[in-house]
Amino acid sequence: MKRSIKIFGYALLAILLLVLIAVAYIYFDGIPKYKYDPPETVRTLQVPRDSALVERGAKIATLLCNECHRSDDGKLVGKQMLDMPAELAPSYSLNITQDKEHGIGNWTDGEIYYFLRTGIHKDGHWSPPFMPKFPLMADDDLYSIIAWLRSDDPALAPDTREFPPTKWNLLVKFLSHVAFTPPPLPEKAISIPDTTDLIKYGRYVADGLCACYACHSADFTKMDLLVPENSAGFYGGGNPMLNLEGETVNSANITMDKETGIGNWTYEQFYEAVKYSKSPKGGPLYYPMFPHTTLSDVEIKGIWSYLQTVPPLKNKVDRYKPKD
Ligand code: HEC
Ligand code: HEC
């Protein structure tokens with residue numbers, strides 16, 4: 001009897017010790033480093049500085065970059081991420097202006113491409129969440145972002161302001177070992193689907209370009225960057241997010257479930273919601289939903305057509321109500 005208690009005690013101690021070692025390892029190891037290993041085609045990538053590309057890139061940036069990188073005066077010098085969970089704060093986005101020292105003026109097109117796909121910098125360090133990664137974006141769309149980053153857009157003119165690098169805490173370090181890892185580069189080129197197949201086109205705009213599913217599925221830690229439809233609660237909403245005051249705003253169920261989703265909406269209501277963040281109940285949709293004013297009509301029509309094909313999920317979301 002006594003002997004078995006002793007063995008049990010030793011086993012417990014051993015387990016405790018292992019857990020401690022694992023925690024210490026993660027604490028000191030920090031965010032894992034990865035090999036910066038782009039293929040030759042990426043290493044030597046040179047995106048043409050073409051005005052059509054720049055224009056498309058600027059449009060994509062209003063959907064995907066500016067919200068997080070723009071300071072109050074409009075320059076893309078980074079800012080404190082007030083809407084990131086308090087357990088992770090304070091975290092900062094960085095200066096992406098063309099300043100060679102404080103921004104990304106020294107990066108090659110290939111380095112930007114590799115970083116936007118994977119989050120891996122050329123020195124091997126990795127940007128964990130909450131810099132998004134874009135593994136499913138079409139090459140032409142990615143090139144357009146790069147062309148825009150190199151353009152004469154005044155928001156990107158060299159600026160020396162810079163935030164200190166974020167000191168990621170144990171939780172982020174832990175999640176970066178188990179839940180978030182860099183997506184691989186696509187195996188072959190990704191092209192923008194033709195608008196003649198609206199469902200396929202809309203699927204690209206929703207999942208590949210805008211990543212609507214990321215906010216609109218159940219949980220950021222359970223999303224599948226490579227196969228979005230494998231994300232938990234795909235488009236069923238309820239992902240708890242924060243607004244800039246630190247209040248929780250759950251994302252909406254935008255599957256076509258008639259009771260708890262948007263199955264009873266008209267296309268016009270959907271259009272107004274996506275384009276201008278207007279709720280059919282009157283009033284606004286709340287941040288972090290934001291107006292997608294630069295999406296074209298065919299892009300919004302495509303998303304709508306695609307959402308008709310997403311399996312409806314019954315999930316009643318507790319929606320945000322502002323205090324008055
Ligand atoms: C949800 C917020 C968010 C969005 C959206 C976002 N970023 Fe970031 N970005 C960040 C954060 C936070 C960091 C800092 C990550 C770190 O500390 O490693 C960052 C880092 C970067 C860096 C690295 C800068 C450096 O000097 O290391 C680049 C380049 C960048 N972002 C470009 C973009 C572009 C281009 C877009 C749009 C396609 C974009 N970001 C969208 C939050 C965001
Ligand atoms: C940054 C996170 C985020 C992204 C990205 C995002 N949404 Fe939302 N969306 C939300 C949140 C949060 C709400 C709920 C806002 C509220 O309750 O007022 C919402 C609400 C909506 C609604 C209203 C639904 C209802 O029942 O009222 C629609 C429609 C919608 N989003 C569509 C989209 C589409 C389409 C995209 C991609 C083009 C998208 N959203 C991208 C966070 C996001």
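All residue numbers refer to positions in the sequence shown, counting from 1. Every number for a ligand or one of its atoms is a count from 1 in the order of the listing.
Under 4.0 angstrom from ligand 2, the non-hydrogen atoms of Trp265 all belong to its side chain. Residue Leu116 touches ligand 1 through its side chain alone, judged by heavy-atom distances below 4.0 Å. When non-hydrogen atoms are compared, ligand 2 lies under 4.0 Å from the side chain of His292 (C-beta onward) but not from its backbone. For Phe163, no heavy-atom contact with ligand 1 is shorter than 4.0 Å. The proximity of Tyr92 to ligand 1, defined as any non-hydrogen pair under 4.0 Å, is limited to the backbone. With a 4.0 Å cut-off on non-hydrogen atoms, Ala61 does not touch ligand 1 at all.
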Should Asp37 and Tyr114 be marked as a side chain to side chain donor-acceptor pair (under 3.5 Å) after you check the CA-CA gap, both sets of side-chain angles, and the distance that decides it? CA-CA 9 Å; Asp37 192 19; Tyr114 196 74; 5.8 Å; no
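Between the OH atom in Tyr267 and the OG atom in Ser305 there is a gap of 8.0 Å [rounded to 0.5 Å]. Here NZ of Lys133 is found 7.0 Å from CZ of Phe115. Values are rounded to the nearest 0.5 Å. For the atom pair Asn95 CG and Thr97 OG1, the distance stands at 3.5 Å (nearest 0.5 Å). Within the model, atoms CG of Asp257 and CG of Asn264 stand 9.0 Å from one another, a figure rounded to the nearest 0.5 Å. With rounding to the nearest 0.5 angstrom, the CD1 atom of Ile104 is 9.0 Å from the CD1 atom of Ile146.
The side-chain heavy atoms of Tyr204 and Asp141, taken from C-beta on, include a pair separated by under 4.5 Å. Cys68 has its side chain within reach of Met81: a pair of non-hydrogen atoms, C-beta onward, lies under 4.5 Å apart. Contact of the Pro184 side chain with the Pro135 side chain is not registered, since no non-hydrogen atoms from C-beta on lie closer than 4.5 Å.
Those atoms of ligand 1 that come under 4.0 Å of a heavy atom in His121, given as number and element, are 23 (C), 25 (C), 27 (O). With ligand atoms numbered from 1 in the order given, ligand 2 contributes 15 (C), 16 (C), 18 (O) to contacts under 4.0 Å with heavy atoms of Tyr286. Below 4.0 Å from some heavy atom of Asn250 lie the following atoms of ligand 2, by number and element: 12 (C), 14 (C). Atoms of ligand 2 lying under 4.0 Å from at least one heavy atom of Leu285, given by number and element, are 18 (O), 22 (C), 23 (C), 27 (O). The atoms of ligand 1 that sit less than 4.0 Å from any heavy atom of Phe134 are 38 (C). Close approach of ligand 2 to Cys215 (heavy-atom distance below 4.0 Å) involves ligand atoms 1 (C), 2 (C), 3 (C), 4 (C), 5 (C), 42 (C), 43 (C). Near Trp168, with a cut-off below 4.0 Å to any heavy atom, the atoms of ligand 1 are 16 (C), 17 (O). Remark: ligand 1 atoms within the under-4.0 Å shell around heavy atoms of Phe115 are 21 (C), 22 (C), 23 (C), 28 (C), 29 (C), 30 (C), 31 (N).
We find that Lys323 and Glu245 are not joined by a salt bridge, their nearest charged nitrogen and carboxylate oxygen being 4.0 Å or further apart. A salt bridge is absent between Arg203 and Asp197: the closest approach of a Lys/Arg side-chain nitrogen to an acidic carboxylate oxygen does not fall below 4.0 angstrom.
Residue, atom and distance of the protein heavy atom nearest to atom 26 (O) of ligand 1 are Trp107 CZ2, 3.9 Å. What sits closest to atom 41 (C) of ligand 1 on the protein, heavy atoms only, is Leu64 O, 3.1 Å. In this structure, atom 42 (C) of ligand 1 lies nearest to the protein heavy atom Phe130 O, 3.5 Å. For atom 12 (C) of ligand 2, the nearest protein heavy atom (residue, atom name, distance) is Ser251 CA, 3.6 Å. Counting protein heavy atoms only, atom 35 (C) of ligand 1 is closest to Cys65 SG, 3.6 Å. Ranking protein heavy atoms by distance to atom 6 (C) of ligand 1, first place goes to Pro132 CD, 3.5 Å. Of all protein heavy atoms, the one lying nearest to atom 11 (C) of ligand 1 is Ser93 CA, 3.6 Å. Ranking protein heavy atoms by distance to atom 9 (N) of ligand 2, first place goes to His216 NE2, 2.8 Å. Ranking protein heavy atoms by distance to atom 28 (C) of ligand 2, first place goes to Ile254 CG2, 3.6 Å. Nearest to atom 27 (O) of ligand 2 among the protein's heavy atoms is Arg319 NH2, 2.8 Å.
With respect to Arg161, the salt bridge (charged side-chain N to carboxylate O under 4.0 Å, His left out) criterion is satisfied by exactly one of Asp99, Asp72, Asp73: Asp73.
Residue contact annotation: Ala206 has no non-hydrogen atom under 4.0 Å from ligand 2. By the 4.0 Å heavy-atom criterion, Tyr287 is excluded from the residues contacting ligand 2. Look at Ser91 and you'll find every heavy atom at least 4.0 Å from all atoms of ligand 1.
Applying the 6.0 Å contact sphere to CG of Asp123 captures more than 12 heavy atoms from other residues, nucleotides or ligands. More than 12 heavy atoms of other residues, nucleotides or ligands sit less than 6.0 Å from atom CZ of Phe220.
Between Asn315 and Gly236, the closest heavy-atom pair is ND2-O, 3.0 Å. Of all the heavy atoms in Lys275 and Ile300, the pair that sits closest is CD-CD1, 3.8 Å.
The distance from atom 8 (Fe) of ligand 1 to the nearest N/O/S atom of His69 is under 2.8 Å. Taking backbone and side chain together, Met131 holds an N, O or S atom under 2.8 Å from atom 8 (Fe) of ligand 1. For Met289, the nearest N, O or S atom to atom 8 (Fe) of ligand 2 falls under 2.8 Å. Among the atoms of Cys212, no N, O or S atom is found under 2.8 Å from atom 8 (Fe) of ligand 2.
Placement of Trp126 and Leu225 within a single hydrophobic cluster is found when ILVMFWY residues are connected by side-chain heavy-atom separations under 4.5 Å, directly or transitively.
A donor and an acceptor atom, one from each side chain of Tyr235 and Asp207, are located under 3.5 Å apart.
For atom 24 (C) of ligand 1, the nearest non-hydrogen atom from the set Ile146, Leu94, Leu63, Ile145 belongs to Leu94. For atom 3 (C) of ligand 1, the nearest non-hydrogen atom from the set Pro288, Cys68, Gly57 belongs to Cys68. For atom 18 (O) of ligand 1, the choice among Pro165, Pro164, Ser127 with the nearest heavy atom turns out to be Ser127.
If you look at His121 and Tyr36, their ring centroids are not closer than 6.0 Å.
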